[in-house]
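Beneath this line is the structure, given in structure tokens, with notes to follow.
The sequence lines fix the lettering, A, B, ..., with proteins before strands; numbering per chain opens at 1.
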Amino acid sequence: MPELPEIETIRRDLEASVGGARIIRVKAYDPLVISPAAARRLRKAAVGQTIASLERCGKVLIINLSGGHSVLQRFGMTGQMYPLPASAPLPPHARMVWDLGDGRRLVYCDARRFGETMVVKTVDLPRVLCEECRLGEDALSADLSATEFRALLADHRTSIKKFLLDQTHLAGVGNIYASEILHRARIHPETPANSLSHEQARRLLRATRQVMREAVAAQGTTISDYRTGENLSGGYQKFLRVYGREGLSCRRRGCSGIVVRSVHAGRSTYYCPLCQPPGG
DNA sequence: GATAATGTTCGATC
DNA sequence: AGATCGAACATTAT
């Protein structure tokens, strides 16, 4: 569920709510999400320390602890993370709980368990993100010119939709926003990445930044599972132009197209055949 | 019961 | 050798 705007929303919420809090106990309930070895390392690294700062790279949340370690949290499809009063019952699918020193606890919930918790030394972060997580530049903060972006595209003959989903090129775009970005840029999802013109690359880069920024401002998209760091629904689902809108009319002003859904690599893609003609 | 779901990885195949 | 594709992972909701 969570893509860059969702993780950024969680990051901001948690920074405000649990930034500076002390961790007094760590419980790990699921070896799929956090391996026994990682759980041991987490206890050693976290208990007695405080939450010093929160960062994000692509869809990975980075929790920096006092004492020199960082926790990397991937959210998979159904991950959620938010604080609760220690007196509240644990929500369903709680996979990890950090008891804080102030009568609250930070919980990570994940129904499908595609998420993963990793613990690394903070000094190793750049290497881990680049080499182990294989993340490209962050889609929101990447300092990238249209020319540089086109050079990136030129190396790949795969479709532009799959290129956008590949986190090694640009990190943070997932299946919802890939459709939204391509619609905004008026590019057909099957267009080979290396066939995009300079003008198309410019529109695509611009659309990527615009959609990421607007979705963060709306606190992400809640279709089913995603919750903010305050356990609330996001708001961007109200502004989606194509995703989930098969058979409905295109939301571009003056366009009379009907949104189409197609499936590639097992993922749904939504687009408007009028605004996004093949080869267009 | 069948299908699809916001993600990543791994093996097979080009 | 490197790129690319589809299946698999686990669970819930429609």
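In this structure, the CG atom of A:D166 is 12 Å from the C1' atom of B:dG7, given to the nearest Å. In this structure, A:D30 places its CG atom 10 Å from P of C:dA10, rounding to the nearest Å.
Annotation: salt bridge (Lys or Arg N to Asp or Glu O under 4.0 Å) contacts of A:E55 (sequence neighbours excluded): none. Legend: residues meeting salt bridge (Lys or Arg N to Asp or Glu O under 4.0 Å) with A:R245, ordered by chain and number and at least two apart, are absent. Partners of A:T147 under the side-chain contact (heavy atoms from CB on, under 4.5 Å) rule, at least two apart in sequence or in another chain, are A:S145, A:H198. In this structure A:P31 satisfies the side-chain contact (heavy atoms from CB on, under 4.5 Å) test together with A:P36, sequence neighbours excluded. Under the rule for a side-chain contact (heavy atoms from CB on, under 4.5 Å), the partners of A:A171 that lie at least two apart in sequence or sit in another chain are A:L135, A:Q167.
Among pairs with a residue in residues 70-99 of chain A, those fulfilling salt bridge (Lys or Arg N to Asp or Glu O under 4.0 Å) read A:R25-A:D99, A:D30-A:R95, at least two apart in sequence or across chains. Screening residues 229-242 of chain A for salt bridge (Lys or Arg N to Asp or Glu O under 4.0 Å), with sequence neighbours left out, gives no hits. Residue pairs meeting the salt bridge (Lys or Arg N to Asp or Glu O under 4.0 Å) criterion with at least one member in residues 129-146 of chain A, sequence neighbours excluded, are A:R56-A:D138, A:R127-A:E132.
Within the 3.5 Å criterion, the main-chain N or O of A:Y82 finds no donor-acceptor partner in the side chain of A:N231. When atom types are taken as modelled, the side chain of A:T222 and the backbone of A:G234 share a donor-acceptor pair closer than 3.5 angstrom.
A stem is defined here as three or more consecutive Watson-Crick or G-U pairs, each with both distances under 3.5 Å; for DNA chain B these stems are B:2-5 with C:11-14, B:7-14 with C:2-9.
Distance noted for atom P between C:dT12 and B:dT9: 23 Å (whole Å). Across the C1' atoms, C:dA13 and B:dT8 are found 22 Å apart, a figure rounded to whole Å.
The phosphate of B:dA5 has OP1 or OP2 within less than 4.0 Å of a side-chain N or O from A:R261. Between A:S268 and B:dA5 there is a side-chain N or O to OP1 or OP2 distance below 4.0 Å.
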Set out, line by line, the N/O atom pairs under 3.5 Å between protein and nucleotides 2-9 of chain C.
unit_1, atom_1, unit_2, atom_2, d
C:dT4, OP1, A:R157, N, 3.0
C:dT4, OP1, A:T158, N, 3.2
C:dC5, OP2, A:T158, OG1, 3.3

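Residue A:T222 is classed as having no contact, given no heavy-atom separation below 4.0 Å to the nucleic acid.
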- 5' to 3', nucleotides 8-14 of chain B under a 4.0 Å protein heavy-atom cut-off (B base, S sugar-phosphate only, - none) gives BS-----
If you look only at distance, which donor and acceptor atoms sit under 3.5 Å apart when one is on a side chain in residues 149-159 of chain A and the other is two or more places apart or in another chain?
unit_1, atom_1, unit_2, atom_2, d
A:R150, NE, A:L196, O, 2.9
A:S159, OG, A:K162, N, 3.2

